[in-house]
Amino acid sequence: MGGDPASPAEFVALDQGINARAALLIQAAARKVLPRLEPVGCSVDDRGFKCDFSLKEGEWPTEAEGEALGREAVSMELSGASIRYSGESEDEVLQLLEHTATYEVNGVKAFLEPGAKVEDGRKVKAVKILNISAHNPTAEMRFVRIIGVAFDSDEGLRKYLTWLSEAEKRDHRVLGQKLDLFSFHEEVGPGLVIYHPKGQVIREELIALIREVNKRLGYEEVYTPHVFRSTLWKISGHYRLYRDKMVLAKIEGEEYGIKPMNCPGHILIYKSKSRSYRDLPIKLSEFGTVYRWEKRGELYGLLRVRGFTQDDGHAFLREDQVKDEIKAILKEIMYVLSLFGFKDEEIRVYLSTRPEEYIGTEEMWDKATEALRSAIEELGMRYEVKEGEGAFYGPKIDVHFRDSLGRWWQCSTIQVDFALPERFGLEYVESDGSKKRPVMIHRAILGSVERFMAIIIEEFAGKLPTWLSPTQAVVIPVKTAAREYAEEVARKLSEEGFRAVADLGDETPSKKIRRAYDEGVPYILLVGPREAAEGSVTVRGRGNVQVKNVPLGKFIEALRDEVSSRSLKQAAIEALKPS
RNA sequence: GCCGCCGUAGCUCAGCGGGUAGAGCGCCGGCCUCGUAAGCCGGUGGCCGCGGGUUCAAAUCCCGCCGGCGGCUCCA
């Protein structure tokens, strides 16, 4: 609990074979006990199964009916269900031209996504329906989606439910309140974050990290306003393509829009004078706060908000510079990821290629896509290709991260853009005097500070690495006689640039220690007359690691090393431990 | 935005087959002055999200709105 060292979230991947089997049984059970639901399709992943039904007529299914469905599926299984694969086909129910695998379960038809492996040895012994919601594959169609998890034993389900309740404790929304990091308020508006002092410390640390990265990459920081005339949004195309997410206001007969992206502002900097091929690359960065009016139901804690700060950057490049830039950015992304200890299976890298509708020439696309691909490969990163999923203006690489509940969120992104340079008529003068169009790269390493912060809060369950911790050390006097010394220690640490406080209240030392642990403070320094006499501290790290009577100077030195190297571990206490 | 669920003290929650509210933590005060994961006692605290309706009477039932949660869709 409170004393555990920072550890990455353990995601429990579910058994897909059992869940596929359960998905089929659920459909057969529905035909039996809920005939107003007609199965239309089903899919399975490491978070369970999802089954879609068309609702023929009558009431929306209730939670109780959902549970009954789960029970029926298990009882069908226990009385010996027969499951037979009967081939794949174009979907005749949906007429969506989706490929589905068809099965017969006890003689009735059931569907599953093609390629899903169905367990045929073990049996489905426990099913839990987690959610019944609407699924709209198209604007006109509405299906009932039943989501659940299945196990081959009651024990499996019990363990899963325990994991779920543990995952809830890591939830950044819960921890954000408990650790006094940020809040949302009805009177402010949904999706708009208020950062408290401690949350702002984390924000600032993340921004400081990216400032260093930007410096290495050669990005110069700029600052642009939050509101631009609609004229600009019309040129950029946002006014037409992004309008439904923009906040627009008419003032004195003129229309303005709050920025949903930072790029147009940076483009104006490029355009502010004529550029030579010698000037390129030009790289601009901004911690730009943008506003996007996401639909109500899409908002989700810090992971999906309406106002957020991007660690944005735009590079204006000659075509031959594109690949090096991508590679350099990817390297820095990998460096940043290493600071947080994300494991391979906790991130997903995607390369999205040319969609059906696109601008620019095929040759440009091929070159840019190839640049992205070879950059990833040369760095040995694992990735998946999403064919045709690129933006209309260019191909892109996205990095997705998993939250405590196993959901994926897009954070880092590198996008090649042929469109905006064209729309804004960007040019540079080539060595032969001809005018050429630069290529733009949009990139964000954290993506948004908000989303990234949420991911790491969950990753560490609030027990952040010391360099990120809002309070790095709490000094606790174990005897009243040591109060002054405790204050002195805290003051010294502050003078040395650490975030330290002395806890001088009238409570017992035990209570203060407990509280400091609960708040995730990485170092608790205990001082009494003994320490005061010799100018030392007793250091307690996370996980009940304690080293007694460390000279304060030595602790400061060790802490400085830990913080400046942005150590993932509690390097200071490791270094101080007697060997 | 769509489907379902939810909204009681600063926080977590009880009360909800109608009779105007409770606990723990926190906060405040007192005692204790403490060597390692919640010391003891007392007090404070609520327009029961907001508005309307039903009723002799609404936290409790109904409707609308606001906000949240789980999905869908979309994205950093």
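Reminder, nothing fancy here: chain letters follow the sequence lines and each chain counts from 1.
- Just one of A/W409, A/Y350, A/Y383 meets the ring-ring contact (aromatic ring centres under 6.0 Å, His included) condition when paired with A/H400; it is A/Y350.
- A donor atom on one side chain and an acceptor atom on the other are not found under 3.5 Å apart for A/T471 and A/E519.
- Both A/Q415 and A/L405 lie close to RNA chain B; mapped to their nearest nucleotides by heavy-atom distance, the more 5′-ward contact belongs to A/L405.
- Look at CD on A/E507: it is 16 Å from P on B/C31, rounded to the nearest Å.
- A/R145 comes within contact range of the sugar-phosphate backbone alone, with a heavy-atom separation under 4.0 Å but no base atom that close.
- When each of A/R407 and A/S412 is assigned the nucleotide of RNA chain B bearing its nearest heavy atom, the one mapping closer to the 5' terminus is A/R407.
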Taking only nitrogen or oxygen atoms into account, show me every contact under 3.5 Å that the protein makes with nucleotides 9-13 of chain B, one pair per line with its distance.
| unit_1 | atom_1 | unit_2 | atom_2 | d |
| --- | --- | --- | --- | --- |
| B/C11 | O3' | A/Q177 | NE2 | 2.8 |

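- Distance CD1 (A/I147) to P (B/G70): 12 Å, rounded to an integer number of Å.
- Across all strands shown, A/K245 has heavy atoms under 4.0 Å from sugar-phosphate atoms exclusively, and none from any base.
- Consecutive pairing runs in RNA chain B reach the stem threshold at B:1-7 with B:66-72, B:10-13 with B:22-25, B:27-31 with B:39-43, B:49-53 with B:61-65, where a stem means at least three Watson-Crick or G-U wobble pairs with distances under 3.5 Å.
- Closest to the side chain of A/W60, out of B/C3, B/C72, B/C34, is B/C3.
- Rounded to a whole Å, the CZ atom of A/R530 is 7 Å from the C1' atom of B/G35.
- Counting non-hydrogen atoms under 4.0 angstrom, A/V449 reaches nothing in the nucleic acid.
- A/T508 comes within contact range of at least one nucleobase, with a heavy-atom separation under 4.0 Å.
- Look at A/R451 and you won't find any side-chain N or O under 4.0 angstrom from OP1 or OP2 of B/A76.
- Among the candidates A/K512, A/K463, A/R540, the single residue satisfying the side-chain hydrogen bond (donor to acceptor under 3.5 Å, both in side chains) test with A/Y517 is A/R540.
- Aromatic ring pairs are classed by plane angle as parallel below 30°, tilted from 30° to 60° and perpendicular above 60°; the pair A/H226 and A/Y291 is tilted.
- A straight line from NZ of A/K386 to C1' of B/C75 spans 10 Å, rounded to a whole angstrom.
- Per the stacking criterion (ring centres < 5.5 Å, plane angle < 30°), A/F308 stacks onto the base of B/A76.
- Salt-bridge formation is detected for the pair A/R515/A/D503: a Lys NZ or Arg NE/NH1/NH2 atom is positioned less than 4.0 Å from an Asp or Glu carboxylate oxygen.
- Rounded to an integer number of Å, the gap from CD of A/Q546 to C1' of B/A37 is 12 Å.
- Contact annotation: A/Q410 reaches the phosphate of B/A76 (side-chain N/O to OP1 or OP2, under 4.0 Å).
- Cation-pi geometry between A/R451 and A/Y300 is not met: the NZ or CZ atom fails to fall both under 6.0 Å from the ring centre and inside 45° of the normal.
- Among the heavy atoms of the strands lying under 4.0 Å from A/K479 is at least one base atom, whether or not backbone atoms are also near.
- Here A/D506 lies in heavy-atom contact (under 4.0 Å) with a base.
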Interface polar pairs with nucleotides 67-69 of chain B, N/O, under 3.5 angstrom:
| unit_1 | atom_1 | unit_2 | atom_2 | d |
| --- | --- | --- | --- | --- |
| B/G67 | OP2 | A/R296 | NH1 | 2.3 |
| B/G68 | OP2 | A/R296 | NH2 | 2.9 |
| B/C69 | OP1 | A/R173 | NH1 | 3.2 |
| B/C69 | O3' | A/R173 | NH1 | 3.3 |

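- With both ends at atom P, the span from B/C50 to B/G10 equals 12 Å, rounded to whole Å.
- In this structure, A/F340 has its ring center at least 6.0 angstrom away from the ring center of A/F401.
- Proximity of A/K295 to the phosphate of B/C75: no side-chain N or O atom is located under 4.0 Å from OP1 or OP2.
- Counting non-hydrogen atoms of neighbouring residues, nucleotides and ligands closer than 6.0 angstrom, the CD atom of A/E534 exceeds 12 such neighbours.
- As rounded to whole Å, 17 Å separates atom P of B/U73 from atom CG of A/D244.
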Checking A/E204 against A/Q200 for the side chain to side chain donor-acceptor pair (under 3.5 Å) test, could you report, in this order, the C-alpha distance in whole Å, the side-chain angles of both residues, the deciding distance, and whether it holds? CA-CA 6 Å; A/E204 285 297 335; A/Q200 179 63 1; 3.0 Å; yes
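- If you check every strand for non-hydrogen atoms under 4.0 Å, A/K396 touches nothing.
- Counting any heavy atom pair closer than 4.0 Å across all strands shown, A/L526 reaches a base atom.
- The residue A/R142 sits close only to the backbone: its heavy atoms come under 4.0 Å of sugar-phosphate atoms, none of a base.
- Counted within 6.0 Å of CD on A/E484, heavy atoms from surrounding residues, nucleotides or ligands total 12 or fewer; the atom is thus considered open.
- Across the C1' atoms, B/C25 and B/G43 are found 16 Å apart, a figure rounded to whole Å.
- In this structure, the side chain of A/D311 engages the main chain of A/L446 through a donor-acceptor pair within 3.5 Å.
- Among the protein residues, A/E187 comes within range of no part of the nucleic acid, since none of its heavy atoms lies under 4.0 Å from any strand.
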Is there a side chain to side chain donor-acceptor pair (under 3.5 Å) between A/E387 and A/T353 once you walk through the steps? CA-CA 5 Å; A/E387 293 292 351; A/T353 62; 3.0 Å; yes
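- Atom-to-atom, CD of A/E531 to P of B/U36 comes out at 12 Å; the value is rounded to the nearest Å.
- Across all strands, A/K50 comes closer than 4.0 Å only to sugar-phosphate atoms, never to a base (heavy-atom distances).
- Using a 4.0 Å heavy-atom cutoff across all strands shown, A/P477 reaches no nucleic acid atom at all.
- Comparing B/G4, B/A37, B/U73 by their closest approach to the side chain of A/R514 singles out B/A37.
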Apply the test salt bridge (charged side-chain N to carboxylate O under 4.0 Å, His left out) to residues A/R483 and A/D506: give CA-CA distance (whole Å), side-chain angles for both, the deciding distance (0.1 Å), then the verdict. CA-CA 11 Å; A/R483 278 187 183 181; A/D506 278 337; 3.0 Å; yes
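- Cation-pi check for A/R443 over A/Y219 is met; the charged atom lies under 6.0 angstrom from the ring centroid and within 45 degrees of its normal.
- With hydrogens and angles left out, the side chain of A/N131 and the base of B/G70 share a donor-acceptor pair within 3.5 Å.
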